[in-house]
Amino acid sequence: MRGALHMIVYALFFYLFAGVCIASAIMVVASRNPVYSVLFLILAFVNASGLFMLMGAEFLAMILVVVYVGAVAVLFLFVVMMLDVDFAELRQGALQYLPIGTLVGIVLLAELLLVVGAWAIAPHVADVIAAPIPPFYSVSNTEALGQVLYTRYVYFFQVAGVILLVAMIGAIVLTLRHKPNIKRQDVSQQVARTKADAIEVVKVKSGQGLS
Amino acid sequence: MSETFAVRELVPVLPEIVLVLGAMTLLMVGAFRGERAVASINWMAILLLIAAGAIIVLLPAERMESFGGSFVLESYARFLKLLALIGSATAMLMSLDYLEREQQNRFEYPILILLSTAGMLMLISAGDLIALYLGLELMSLSLYVVAAINRDSVRSTEAGLKYFVLGALSSGMLLYGASLIYGFTGSVNFAAIAKASANGGIGLVFGLVFLFAGFCFKVSAVPFHMWTPDVYEGAPTPITAFFAAAPKVAGIAMFMRVAIDAFPNIVPQWQQIVIFVAIASMLLGAFAAIGQRNIKRLMAYSSIGHMGFALVGLAAGTMQGVQGVLVYMAIYVAMTLGTFACILSMRRDGKMVEEISDLAGLARTNPAMAFFLAMLLFSLAGIPPLAGFFAKFYVFLAAIQAGLFTLAVIGVLASVVGAYYYLMIIKIMYFDEAARPFEPMPYQLKAVLAVSGLFNVLFFVYPRPLVEAASAAAKSLF
């Protein structure tokens with residue numbers, strides 16, 4: 001009896017998260033105001049992380065919220081608010097591409113259905129699994145990832161770091177400009193100032209002023 | 001349960017470690033010393049590339065695996081890594097004079113070249129799909145940035161943006177294919193994929209098609225070649241020379257390794273893709289180049305065609321085929337770098353000129369350069385007894401031995417058509433009214449041109465070392 005109730009609650013949450021996720025994904029594309037689009041995007045992310053939670057992948061769920069909601073979506077929001085992009089104008093041409101776009105989409109969907117319909121996992125899969133996933137009651141997700149991330153997958157981890165370094169160098173190379181006539185704070189110069197070169201005492205005769 | 005990690009696993013990765021750590025050190029030097037250190041950073045970068053090559057030669061010769069098979073080093077990887085390093089170091093050497101004259105001397109440029117080369121080496125050694133993707137992204141991300149490095153030029157930034165957007169699209173396709181393959185076989189390791197895919201299956205082939213589409217983009221094979229002419233024309237010329245040599249080697253290397261290592265059980269399925277791509281690339285390379293007036297665009301179409309010829313060897317799917325591709329890539333790199341040494345010295349009144357008509361009458365104004373360029377163009381066209389002929393000979397021989405007669409015949413016809421536009425340039429150089437002479441060639445370009453020209457002319461005298469090295473490398477892949 002308890003098992004059945006558990007299943008029902010599970011299914012209810014699944015349909016809640018999945019439904020809201022799809023609805024908000026549609027709203028991201030459909031809403032006229034770009035700020036609303038970004039907010040719906042955040043809603044979609046949060047619901048997707050709920051789906052991950054249901055599957056027992058709590059680490060992925062948290063990462064999704066922290067990285068995508070906390071960093072990426074906020075960045076989007078900044079960009080949308082700071083740049084004066086007229087999204088309504090950008091979307092003007094979209095309608096004329098709609099028929100051909102739908103056609104391509106339908107063809108692709110049909111093909112994918114055909115493939116998934118005939119899908120069969122290769123028979124020898126069990127022999128080739130490199131690192132079996134430890135059962136979830138013995139270690140948590142995070143611990144299981146931690147066990148392999150810095151040992152077996154240290155190479156991937158390090159190379160991913162180098163890729164981020166390249167992204168950083170690239171962003172700096174392509175955008176940093178040294179403007180010659182800009183006024184910057186120079187602490188050492190400020191400290192080195194003395195009374196002699198900062199203040200000048202001028203005797204002003206009354207009624208004449210400074211020329 | 002917990003995995004262990006031994007320091008000796010780092011031994012095969014030593015060249016990559018040297019390049020990456022060296023690049024970071026030079027980055028620090030550049031950040032603190034600024035523009036004053038640019039010249040020394042450029043030379044240090046070349047030395048680092050040479051050092052990485054020396055380490056590859058000195059490492060023990062047997063097959064080595066690290067990180068649970070994610071990183072593989074055998075004769076195949078060694079051969080291609082040395083080739084990629086030679087390509088990068090030469091391109092770097094050729095850019096020194098250009099960067100100084102065009103006031104483009106930025107210390108980030110050699111660092112990005114180093115990191116991109118490290119990505120190529122990782123790509124060549126990748127033993128599973130994750131390592132392959134990471135190597136590919138490291139290589140490509142640096143390439144996108146160097147394409148746009150002349151950020152005050154509209155053409156350069158357009159080239160960088162175009163390359164970036166289309167490259168991201170192709171990475172997406174590649175990843176989609178990789179995820180399908182993982183879903184089907186339960187592993188990302190090439191050997192495990194080969195084991196699990198003994199019976200084939202629609203899911204696997206579907207993933208394979210997406211994966212190969214991504215590869216074709218990276219080696220600029222038809223129908224994923226559209227970015228090539230625009231990027232080659234827009235990027236600064238020494239960077240175009242870099243694009244045309246080393247990344248192509250790495251791209252072909254990953255293409256072959258995945259096809260041979262991961263999918264040996266479904267050869268007919270991928271063979272038909274490679275045959276189509278090879279034919280389309282050869283024909284497009286031959287016909288589309290005819291109307292070009294800009295020599296960098298012409299070289300772009302020429303490189304598309306050459307990738308088609310190289311893929312003929314892979315289409316054979318045999319050891320001879322792989323050997324042919326390896327020889328082809330070595331000779332291709334030599335020819336391309338030599339030709340770009342000439343293009344880089346097309347300079348009048350302190351400005352680069354890029355039209356083919358600017359070469360008019362070069363035989364009278366600079367006979368030595370005209371002679372070497374003519375030899376390189378004859379070689380690119382595949383005229384015996386120059387090196388380019390042997391390159392094509394080996395791949396076509398492998399195709400015929402594998403029974404792919406139609407492919408070989410179309411290839412020969414395409415190379416005949418392609419010969420037209422190479423010969424056209426030679427005609428312009430030797431028989432047209434002489435234009436004003438170019439400025440004298442800097443010594444680095446002279447050296448590169450002389451070495452590559454002599455290699456092309458004299459290859460037939462003693463081809464054994466290269467052919468035998470390629471044969472040993474091909475054997476280690478199977």
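Residue numbers begin at 1 in each chain, while the letters A, B, ... track the order of the sequences.
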Chi angles and distances behind the ring pair (Phe, Tyr, Trp, His ring centres under 6.0 Å) call for B/Tyr163, B/Phe243: CA-CA 11 Å; B/Tyr163 195 17; B/Phe243 282 175; 5.5 Å; yes
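Atoms CG and CE, on B/Leu48 and B/Met92 in that order, are 11.0 Å from each other to the nearest 0.5 Å. Here the straight-line distance linking atom CD1 of A/Ile163 with atom CG of B/Leu115 works out to 10.5 Å at 0.5 Å rounding. The distance from the CE atom of B/Met44 to the CD1 atom of B/Ile111 is 11.0 Å, given to the nearest 0.5 Å.
In summary, the side chains of B/Glu137 and B/Ser171 do present a donor paired with an acceptor at a separation below 3.5 Å, with no hydrogens or angles considered. A donor atom on one side chain and an acceptor atom on the other are not found under 3.5 Å apart for A/Ser49 and A/Asn47.
Proximity to chain B (any heavy atom under 4.5 Å) is shown, for A/Leu174, by both the backbone and the side chain. With a 4.5 Å cut-off on non-hydrogen atoms, A/Ala171 does not touch chain B at all. Neither the backbone nor the side chain of B/Asn150 comes within less than 4.5 Å of any heavy atom of chain A. With a 4.5 angstrom heavy-atom cutoff, B/Tyr109 does not touch chain A via any of its atoms. Looking at B/Met24, only its side chain comes within 4.5 Å of chain A, counting heavy atoms on both sides.
At a threshold of 4.5 Å between non-hydrogen side-chain atoms, the residues B/Ser125 and B/Pro12 do not count as touching.
B/Phe210 is linked by a side chain to side chain contact (heavy atoms under 4.5 Å, CB included) to B/Met173, B/Tyr176, B/Leu180, B/Phe206, counting only residues two or more places apart in sequence or in another chain.
Ranked by heavy-atom pairs under 4.5 Å with chain A, the first of B/Asn189, B/Asp128, B/Val13 is B/Asp128. With chain B as partner, the option from A/Val162, A/Leu165, A/Val173, A/Thr175 having the largest number of non-hydrogen pairs under 4.5 angstrom is A/Val173.
Of the residues B/Val20, B/Leu19, B/Leu27, B/Ile41, the one that meets the side-chain contact (heavy atoms from CB on, under 4.5 Å) test with B/Leu114 is B/Leu19.
The stretch residues 140-149 of chain B places B/Leu141, B/Ser142, B/Val145, B/Ala148, B/Ile149 near chain A, each with some heavy atom under 4.5 Å from a heavy atom of that chain.
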